[in-house]
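Right, one structure below, let's go through it.
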Number of protein chains: 2
Amino acid sequence: MAGDKPNLRWGVEQKLQFIEFRLFWEGHVNRSDLIEQFGVSPNQASGDLNRYIALAPDNMVYDKSGKTYVRSSGFIPLFLKPDATSYLSQVRSVAEGIVASHDSWIGSLPAFDAPPAPARGVDPKILRTIVIAARRKEAVEILYQSMASPEPQWRWVAPHALAFDGFRWHARSFCEKSGEFRDFVVSRVIETRHTRPSSSSPLSDAAWHEMVVLEIGPHPDLSPNQKRVIELDYGMHEGRVSITVRRALLYYALRRLGLDTDPAARAPQDQQIVLLNGESVRELAA
Amino acid sequence: MAGDKPNLRWGVEQKLQFIEFRLFWEGHVNRSDLIEQFGVSPNQASGDLNRYIALAPDNMVYDKSGKTYVRSSGFIPLFLKPDATSYLSQVRSVAEGIVASHDSWIGSLPAFDAPPAPARGVDPKILRTIVIAARRKEAVEILYQSMASPEPQWRWVAPHALAFDGFRWHARSFCEKSGEFRDFVVSRVIETRHTRPSSSSPLSDAAWHEMVVLEIGPHPDLSPNQKRVIELDYGMHEGRVSITVRRALLYYALRRLGLDTDPAARAPQDQQIVLLNGESVRELAA
DNA sequence: ATCGATACGTCAAGTTTCTGGAAGGTTCCG
DNA sequence: CGGAACCTTCCAGAAACTTGACGTATCGAT
């Protein structure tokens, strides 16, 4: 019956996916939804809805009383794989203004909030310069405000990767001034000037390529039941789980997991997890 | 010359935006880029590129030697507002598998990594049930694994908002069992059963609607120069910035900012910021 | 019980977009 | 020089879409 997706044009495929997205997440679709989202005529929207029914007859019925198409009980997505992470990521992006509401397919946005991350914004042109330099394996001259010097200084760096520490974006780069690979906070780059070919190889960034394994387990002072729940939360087996992280990001990973302080600094219920191989890991942290 | 955008069809507008996105971020576009992204014929792609030139003659020229269209120096985006946050968010989404590479417009993905967040995934159907219940102001019966009880238990909750604490997603809900508003970790919901109308009003969730103001400043033990950089990073004026956060999220906000422990638990360079109004804030934390 | 508003549906004519095929141009490289 | 890898243009036909007109079902208000 259904199942054979003919070669559809991109625009048509998008509209069918949209119908399915709304059916799954909201339970219903309207002709007017298509009109708003894609700017098509009522006429065309009718056609698209009926095309969807023709391709997936068991997924959707028209509810005359509700004046809307509703998902039927035997709904099986045909054009989309429903994904909670992606939906939640969209919720966050729309709520935080990263994505305009009309660019998202979510029709009725759930109320949402998250603890704010008060980090300065990144200038798109500066970011572009860094990204392009990384791609071309070039060095770029940046005016950088470091923690060490009072005034911003020009220096040549050869970026090769981006990293996010939870708050700030970093450009992992070879710094010609210090002769080392370092993290540069992108929002501390005031300006960029020239670029030129770079002789440094990203492969020599040992701290970036070397992986560290963190062994974590539930806090020993939790009750057996609390331990079990934490194990479920973190996907632990037999009281432990391994997390692999680049040595260059180890500091941020420990901080993010709340493992950069003495485990006694928080109550066990707040701390939740502890590092099981702390001795071998902590000496690697920068 | 340029500037007047005629009423274009959705599909055409998307392609022009795509051309502009690639021009801005990568510096060049190919006919083959359009072919890959939208599945059009080489023929049509030519047409679209020339349509773009007709609409924005000063933005792009064909580099015969490079065999590609390149951004010209006077490039002014016409269909898109370049946004670093949105670009970086895409980088992260693609790198973490949230968005398929071919659904993103980024052609050449920069190398990227971030500290992993080892949290269990959320089941899309369970999330959907919660989101729909919130929209319809309904209560839903969930099988929930709490920290308190050894076995999961059925209980009626009326969700009204989603919250993200940096690791886990929560459903802010009225719990009929306890008669209070509480956070339920979505990934700890094993199953959902019935729904029914709810009498509880989201407006009575005091901790959700009450806002707390955090005053933060640079760590006092930093050097004047280091303080200045931190002030720039966090957008502080005169050594302080106010962050407003829901009381229900206060705990997570403090944790995220590293303000939930004694300021002496970390070295000043690691701690970076301190809470200036700690006395009045900390007594509110759950 | 009728009327108006709001949905969706459909038929027809005309425009825009797109494909496929065919022929042609430029630059680079071996 | 010839081939590869780009982009371009012309044409006919198909698919997608718009505009306009007219018809249908449901609901709620008068």
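Each chain gets a letter, A, B and so on, in the order the sequences are listed, and its residues count up from 1.
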Any idea which of [options] is nearest the [X] side chain?
{"X": "B:Arg51", "options": "C:dT17, D:dC7, D:dC17", "result": "C:dT17"}
{"X": "A:Lys64", "options": "C:dC18, D:dT26, C:dT27", "result": "D:dT26"}
{"X": "A:Arg9", "options": "D:dA16, D:dC10, D:dT18", "result": "D:dA16"}
{"X": "A:Val12", "options": "C:dC8, D:dA16, D:dA5", "result": "D:dA16"}
{"X": "B:Ser46", "options": "C:dC28, D:dT26, D:dT9", "result": "D:dT9"}
{"X": "B:Lys67", "options": "D:dA16, C:dA5, D:dA5", "result": "D:dA5"}

Practice task
Using modelled atom types only, decide if a donor and an acceptor are shared between the side chain of A:Ser104 and the backbone of A:Ile106 within a distance under 3.5 Å.
Solution key: yes

Solution key, residues 122-132 of chain A side-chain donor-acceptor pairs under 3.5 Å, sequence neighbours excluded:
| residue | atom | partner | partner atom | Å |
| --- | --- | --- | --- | --- |
| A:Asp123 | OD2 | A:Lys125 | N | 3.1 |
| A:Asp123 | OD2 | A:Ile126 | N | 3.1 |
| A:Arg128 | NH1 | B:Phe24 | O | 3.0 |
| A:Thr129 | OG1 | A:Lys125 | O | 2.8 |

Considering every strand and a 4.0 Å limit on heavy-atom distances, what is the contact class for [X]: base, sugar-phosphate, or nothing?
{"X": "A:Ser65", "answer": "sugar-phosphate"}
{"X": "B:Gly66", "answer": "nothing"}
{"X": "A:Tyr69", "answer": "sugar-phosphate"}

From [atom1] of [X] over to [atom2] of [N], roughly how many Å is that when rounded to an integer?
{"X": "A:Tyr62", "N": "D:dT24", "atom1": "OH", "atom2": "C1'", "value": "10 Å"}
{"X": "A:Arg31", "N": "D:dT24", "atom1": "CZ", "atom2": "P", "value": "16 Å"}
{"X": "A:Leu8", "N": "C:dC18", "atom1": "CG", "atom2": "C1'", "value": "14 Å"}
{"X": "B:Met60", "N": "D:dC7", "atom1": "CE", "atom2": "P", "value": "11 Å"}
{"X": "A:Asn50", "N": "D:dA16", "atom1": "CG", "atom2": "C1'", "value": "15 Å"}
{"X": "B:Gln44", "N": "D:dC7", "atom1": "CD", "atom2": "C1'", "value": "15 Å"}
{"X": "A:Asp63", "N": "C:dT6", "atom1": "CG", "atom2": "C1'", "value": "14 Å"}
{"X": "B:Trp10", "N": "C:dT17", "atom1": "CH2", "atom2": "P", "value": "15 Å"}

Exercise for the section: Please work out which of the three classes, parallel, tilted or perpendicular, describes the rings of B:Tyr87 and B:Trp25, given edges at 30° and 60°. Expected result: parallel

Practice task
Could you label the plane-to-plane angle of the B:Trp169 and B:Phe164 rings as parallel, tilted or perpendicular, counting under 30° as parallel and over 60° as perpendicular?
Solution key: tilted

Exercise for the section: Report yes if a donor N or O on one partner sits less than 3.5 Å from an acceptor N or O on the other, where the partners are the side chain of A:Asn43 and the base of D:dG20; otherwise report no. Expected result: yes

Handout entry: Residue closer to the 5' end of DNA chain D, B:Leu49 versus A:Ala45 (nearest nucleotide)
Key = B:Leu49

Practice task
Could you tell me whether A:Arg196 sits above the aromatic face of A:Trp156, with NZ or CZ closer than 6.0 angstrom to the six-membered ring centre and within 45 degrees of the axis?
Solution key: yes

Fill in the blank from the handout: Comparing nearest nucleotides in DNA chain C, the 5'-proximal residue of the pair A:Asn30, B:Phe38 is A:Asn30

